[in-house]
Amino acid sequence: MTEKITADLCRQWDAQDLLAPLRSQFQLPDGIIYLDGNSLGVQPKAALQRAQEVVAQEWGTQLIRAWNSADWVHLPQRMGNLIAPWIGAKQEEVVVTDTTSINLYKVLHAALRIAQAEQPQRRKVVSERANFPTDLYIAQSLCQQFDLDLVLIEPEELADSLKEDVAVLLLTHVNYRTGAMHDMEAVTRTAHGVGIVTVWDLCHSAGAVPVDLNAAQADFAIGCTYKYLNGGPGAPAFVWAHPRHVNRFEQPLSGWHGHALPFSFDPQYQPAIGVERYLCGTQPIISMSVLECGLQVFAQAQALGGMAALRKKSLALTDTFMRLVEQECGAYGFGVATPQMHAQRGSQVSLTRTYGSGIDAKDSGAYAIVQALIARGVIGDFRAGGGPGSPHLDILRFGFTPLYTSFGDVWQAVQHLREVMQSQEWKQPRFHQRNAVT
Ligand SMILES: *Cc1c(COP(=O)(O)O)cnc(C)c1O
């Protein structure tokens with residue numbers, strides 16, 4: 001592990017990479033090193049033609065008939081079935097619909113009703129303070145409705161927080177800021193041991209790390225498709241409920257597509273049997289159709305070793321990045337928020353900077369460094385910490401997507417980082433102006 005990493009070594013690793021042929025399936029812009037597939041995946045080349053086909057032929061010529069002739073009506077199930085093997089779900093257990101935020105509302109509501117039916121004395125919902133804010137906002141809304149307390153913890157407090165007064169545990173499997181990953185199976189087992197229902201957010205896991213919902217005996221899961229699954233901006237999200245729960249309660253957004261017989265136009269709601277009841281209204285057909293292109297690349301990855309191969313490459317990429325940052329940028333004061341241990345790591349690396357190491361006492365420099373990298377064509381992103389005094393530092397986030405990221409990309413990205421630091425390029429005022437989306 002102490003061997004120096006060179007450009008040649010990275011080239012050798014690329015030459016030996018069995019997943020390397022998949023890169024040509026993606027529309028990677030010239031001159032760009034894309035390390036943000038954890039935020040918005042790269043466009044699969046097939047997507048453009050698929051979008052044209054849906055708009056020109058299916059919508060353009062078949063019109064309303066396309067619900068049957070192009071099978072639009074079963075897109076949520078078909079896309080769900082393509083995602084299922086990557087999250088340890090069986091066929092017919094997953095549907096694609098709505099957004100992650102909306103699906104979280106549905107499953108958390110169902111989880112709370114299950115908890116209340118079985119153990120109404122439990123008054124707490126536990127989540128992490130550093131969970132993705134939308135997850136916390138949805139949880140806040142539901143806790144208000146159900147008159148429960150939302151308890152936010154730090155990761156190291158998790159084991160102690162799983163007590164008999166907790167109704168539901170809501171966790172994101174891989175943390176969006178740090179890339180730290182929970183042991184889903186162990187946490188679920190502990191939670192179930194004290195009668196807690198679990199809801200897992202797989203936004204940074206699906207297509208990125210091994211997930212086995214059935215093996216973990218998880219209760220509910222949701223996740224998005226526009227990150228590692230490369231579904232396209234705003235592509236609809238997925239939802240899974242364990243078969244033991246799926247038919248127990250109606251989800252709260254009882255729209256007609258979740259009805260047992262939507263085209264009976266029955267004035268009385270009656271939920272579909274199975275995960276279809278988690279559908280609500282008419283789906284975004286164009287977006288959902290294009291999602292299939294991202295999922296088809298995964299079908300090809302299945303033939304090249306599947307998740308085991310993806311995970312092996314992902315860990316090699318993140319290991320290489322961490323080692324190279326130490327080797328090439330050791331003098332520039334970066335910390336690493338992402339766990340060193342493979343079992344605790346997702347598919348990203350988050351570098352930290354302490355406050356005061358930027359242009360003033362409040363600034364860490366992280367935002368400007370990311371902007372300077374983007375100006376050079378190395379695309380990562382910035383996530384703000386809590387400011388001076390907070391345990392949460394500013395983060396420079398780099399996502400590694402084994403489908404299309406190469407070891408050469410990692411080498412070049414770190415060379416750019418070194419140059420940005422060495423030349424103090426990042427101190428230029430233009431890199432300090434905050435954009436609306438960071
Ligand atoms: C990306 C992400 C979301 C996004 O939710 P949307 O409803 O698609 O905006 C939610 N939760 C987590 C943990 C995420 O990483």
Side-chain angles (χ1 to χ4, degrees), residues 35-42 76 79 83 87 95-109 111 125-142 150 152-153 155 168-182 184 187 198-209 211 213 218 220-240 251-253 278-281 283-284 287-288 290-291 294 337-338 345-350 380-384 392 395 397-401 436-438:
L35 301 180
D36 217 357
N38 53 331
S39 213
L40 175 63
V42 168
M79 295 307 109
I83 292 171
I87 57 173
V95 282
V96 169
T97 181
D98 299 330
T99 65
T100 298
S101 303
I102 294 172
N103 289 337
L104 176 56
Y105 184 87
K106 300 172 195 167
V107 299
L108 186 53
H109 193 286
V125 173
V126 169
S127 192
E128 276 185 71
R129 185 165 291 110
N131 200 345
F132 193 91
T134 203
D135 297 49
L136 299 181
Y137 303 158
I138 297 287
Q140 283 161 18
S141 162
L142 281 166
L150 179 61
L152 299 182
I153 55 155
V168 172
L169 172 65
L170 163 62
L171 286 181
T172 296
H173 183 219
V174 174
N175 184 273
Y176 79 105
R177 284 175 51 83
T178 61
M181 179 164 72
H182 287 290
M184 182 188 287
V187 172
T198 57
V199 175
W200 291 96
D201 184 325
L202 303 179
C203 278
H204 286 267
S205 313
V209 299
V211 177
L213 289 166
F220 294 93
I222 42 108
C224 72
T225 64
Y226 53 77
K227 292 173 181 164
Y228 291 97
L229 296 174
N230 307 306
F238 62 85
V239 53
W240 173 86
Q251 56 99 347
L253 303 178
Y278 281 85
L279 301 177
C280 182
Q283 306 301 319
S287 191
M288 184 124 53
V290 171
L291 162 62
T338 305
R345 191 193 305 166
S347 198
Q348 75 183 54
V349 177
S350 301
D381 61 26
F382 163 82
R383 288 293 176 265
H392 300 298
I395 276 174
R397 222 169 50 142
F398 302 94
F400 298 87
T401 309
V437 174
T438 61

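Each ligand, and each atom within it, is numbered from 1 in the order the structure gives. In what follows, residues are counted from 1 in the order of the sequence shown.
- Of the possible polar contacts, one joining the N175 side chain to the A130 backbone as a donor-acceptor pair under 3.5 Å is found.
- For T172 and E128, the side-chain atoms include no donor-acceptor pair closer than 3.5 Å.
- Of the inter-residue distances, the one linking I153 atom CD1 with R129 atom CZ reads 9.0 Å to the nearest 0.5 angstrom.
- Geometric assessment of K227 against the ring of F238 yields a negative cation-pi assignment under the 6.0 Å and 45° thresholds.
- With hydrogens and angles ignored, the 3.5 Å screen pairs a side-chain donor or acceptor of Q283 with a backbone N or O of G281.
- Between R177 and T338 there is no side-chain heavy-atom pair separated by less than 4.5 Å.
- Contact residues for ligand 1 (protein heavy atom closer than 4.0 angstrom to any ligand atom): T99, T100, S101, F132, T134, D135, T172, D201, C203, H204, Y226, K227.
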